[in-house]
Protein chains: 2
Amino acid sequence: MDVRRLKYFIVTAEERSISRAAERLHITQPPLTRHIQSLEEELGVLLFTRTSWGVELTQAGTALLKHAHNISAHIELATEQIRRVASGQAGRIDIGVFGSAMLNIIPKLLSAFSATHPDVRIVLHNTPKEKQINALQQGRILGAFDRYLPELPNIATVRVCREPLWVALHCDNPLSRQPRIGIDDLRKEPLIDEQDPSVSIACRELFTHHHFEPVVVQKAADLIAATIMVSGGFGSALLPESILNLRLPNVIYRPLVTDIDCMIDLHFAYRKDEESPLLDELLYCVRNYRHHATESEVANHPGEE
Amino acid sequence: MDVRRLKYFIVTAEERSISRAAERLHITQPPLTRHIQSLEEELGVLLFTRTSWGVELTQAGTALLKHAHNISAHIELATEQIRRVASGQAGRIDIGVFGSAMLNIIPKLLSAFSATHPDVRIVLHNTPKEKQINALQQGRILGAFDRYLPELPNIATVRVCREPLWVALHCDNPLSRQPRIGIDDLRKEPLIDEQDPSVSIACRELFTHHHFEPVVVQKAADLIAATIMVSGGFGSALLPESILNLRLPNVIYRPLVTDIDCMIDLHFAYRKDEESPLLDELLYCVRNYRHHATESEVANHPGEE
DNA sequence: GTTCGCCATACCGATTTCGTATGGGCGAGT
DNA sequence: ACTCGCCCATACGAAATCGGTATGGCGAAC
């Protein structure tokens, strides 16, 4: 059963005449006659009764006509959707994220992507970093957002944004009275470090540059855990600016002023050999993204005026 | 887009290998490779990624696979239904009935037909007899049940059943005390005739045979109207046995005993040139129908013991 | 009775489709 | 490292299919 024959049949049924249908289909009458015949033969059913003025649908033909419209429409819909999937306008996209990346641009970036790609389903995989690299290399996810990533031969990265460091302070801490924190203010301050190297590597550089050893009182699993500890009064923490999106009781954020340029990066990682058009679409979206949001985040923070 | 190609695609996707799929499809590998290629070309989309151990669906291929199953199933369902329609196992059947025929075997016959042909929709057209003959000749109905039909060149009839005559009496009529009525009991009896010739022709023969002119006090449109008049006390009426199915207050039915064989027939009429398989099915059902029901109807009639 | 329109058939060239044979690429096993 | 096996892709000839023109049969209309 060829769909072309089905369309020939539909036109013939509409015209109630093989000759006129052939005209509409831009072919001559004999081939169309044979198409109808072979369709009838294939189904083992008479579809038309031949009259002196043309043809007329039998009951079986009427039944076929109803289905033919549906089937034809169904196929066209399917081809349309497949083309959309192939061009990256529809489908499913699996993305890994880790901890604090969720506080950053992820929601904005992905909702921007969703707006231009409404038929793409985005599935986030919020798992530990090692698992994510595995998943990425095995193709279980298409890409991942992470702050720090080791160099890997088949993985490429693009920087999504850079953020300055802020200090999270408990409200009882006298430093929270200052509008901004200098690096020397932290010399005796009990600090909360995080296990993930994303921020701590940057901090370590900073401290060695200013020649002092920080007083680390806790180790947190990720940035969010670190902030919760600040809220509990265990100490202060150095965090990227996007932490302002996380509001916790008794926590006050203050910008960190440093001599050297000390910024925290967020990267998007993907396989170099991946050919999915969805990746192209997503990369295009990532590259064109500007991290405008920070200003409003700062403005909305109650501790800042 | 050929459906055969769609099935080839489905098998290939299931086997994740063109070679194995070709084996399952009883063709060799190169044609199948080309089928996949031309399908991809037709859609303008890569459906499989070729690996060293076989092929793997792309996202577009996965999307097609979902639709392919539906489309294939849809087509098979359609062909199945079309074959059923063509063989008279499904479809629609338009039948004309007239007045009292509805009291007779119609419900039983048609429900018997429905039981063996559950997918045939039966549409009854309860219209005056002249309109029915028109509708029958113009093909708007497939057949008609009527008691009396004029001879027409292109119309064939089969007798569905024969019924004896009964007399409908008002309960106050002294004749209703008798278990049965003789023809001579009706000589002075006021009678209700019906306009439709179905019964009255038979009655007229009966009366001429017994040499008397009946006392006709009313003319009813059909048998049901005649019975209603009996119920109203306007007189008595001669009616076919199936009228026992119609229960009206104050009406008592008694069998009519005659010298000559006087039976009322019910016919099924159809076009001689009609080729619909549904007609064949219906005719088969009509011919095999035995009018067993009358005995139980008589037994259930309260006036009889 | 003639003509006209329609469907069906016959036949022919172009295209497509299937088969066999073969080449290239990758992984496994020796 | 090399061979072998397996897979997909391609080349090419035979068969089938599809589209065209020419023509015949049939019924309706004039």
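Proteins get letters first, then strands, A, B, ... in listed order; numbering begins at 1 in each.
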Exercise. What's the CD-C1' distance between B/Glu42 and C/dT16, to the nearest Å?
Worked result: 14 Å
Exercise. Over how many whole Å does the gap from B/Asp2 atom CG to C/dT17 atom P extend?
Worked result: 9 Å
Exercise. Between D/dT21 atom P and A/Ile27 atom CD1, what is the distance in whole Å?
Worked result: 12 Å
Problem set entry | Residue that, paired with B/Arg147, satisfies side-chain contact (heavy atoms from CB on, under 4.5 Å) out of B/Ile201, B/Asp222, B/Leu223 | B/Leu223
Exercise. Hey, does B/Arg34 have a side-chain heavy atom less than 4.5 Å from the side chain of B/Gln37?
Worked result: yes
Exercise. Tell me, which stems hold DNA chain C, with a stem being 3 or more Watson-Crick or G-U pairs in a row and both distances under 3.5 Å?
Worked result: C:1-30 with D:1-30
Exercise. In B/S/- notation, 5' to 3', how is nucleotides 4-16 of chain D contacted by protein heavy atoms closer than 4.0 Å?
Worked result: ---SBBBB-----
For this session: Round to the nearest Å and state the distance from B/Leu39 atom CG to C/dT16 atom P.
Result: 16 Å
For this session: Could you tell me whether A/Phe9 and A/Phe48 have their ring centroids closer than 6.0 angstrom?
Result: yes
Exercise. Any side-chain N or O of B/His35 less than 4.0 Å from the OP1 or OP2 oxygen of C/dC18?
Worked result: yes
Exercise. What is the distance, rounded to the nearest whole Å, between atom CG of A/Leu32 and atom P of C/dC7?
Worked result: 9 Å
Problem set entry | Residue of the set B/Asn154, B/Leu283, B/Leu142, B/Asp280 for which side-chain contact (heavy atoms from CB on, under 4.5 Å) holds with B/Glu274 | B/Leu142
For this session: Return the value, rounded to whole Å, for the distance between atom CD of B/Glu23 and atom P of C/dG19.
Result: 13 Å
Problem set entry | Within-4.5 Å side-chain heavy-atom neighbours: A/Gln81 and A/Val85 | yes
Exercise. Given C/dT16, is OP1 or OP2 found less than 4.0 Å from the side-chain N or O atoms of A/Arg4?
Worked result: no
Exercise. Between B/Glu40 and B/Arg50, does at least one N-O distance fall below 4.0 Å, as a salt bridge requires?
Worked result: yes
For this session: Decide whether A/Ser38 and A/Arg5 meet the rule of one side-chain donor and one side-chain acceptor closer than 3.5 Å.
Result: yes
Exercise. Angle class for the B/His67/A/His74 ring planes (parallel below 30°, perpendicular above 60°, tilted otherwise)?
Worked result: perpendicular
Seminar exercise, completed: Taken to the nearest whole Å, CG/B/Leu25 to C1'/C/dC18 is 14 Å
Problem set entry | A/Glu15 atom CD: more than 12 heavy-atom contacts under 6.0 Å | yes
Exercise. Hey, does the side chain of A/Tyr8 come within less than 4.0 Å of D/dG19's phosphate (OP1/OP2), counting only N and O?
Worked result: yes
For this session: Specify the separation, in whole Å, of atom CD of A/Glu56 and atom C1' of C/dC6.
Result: 14 Å
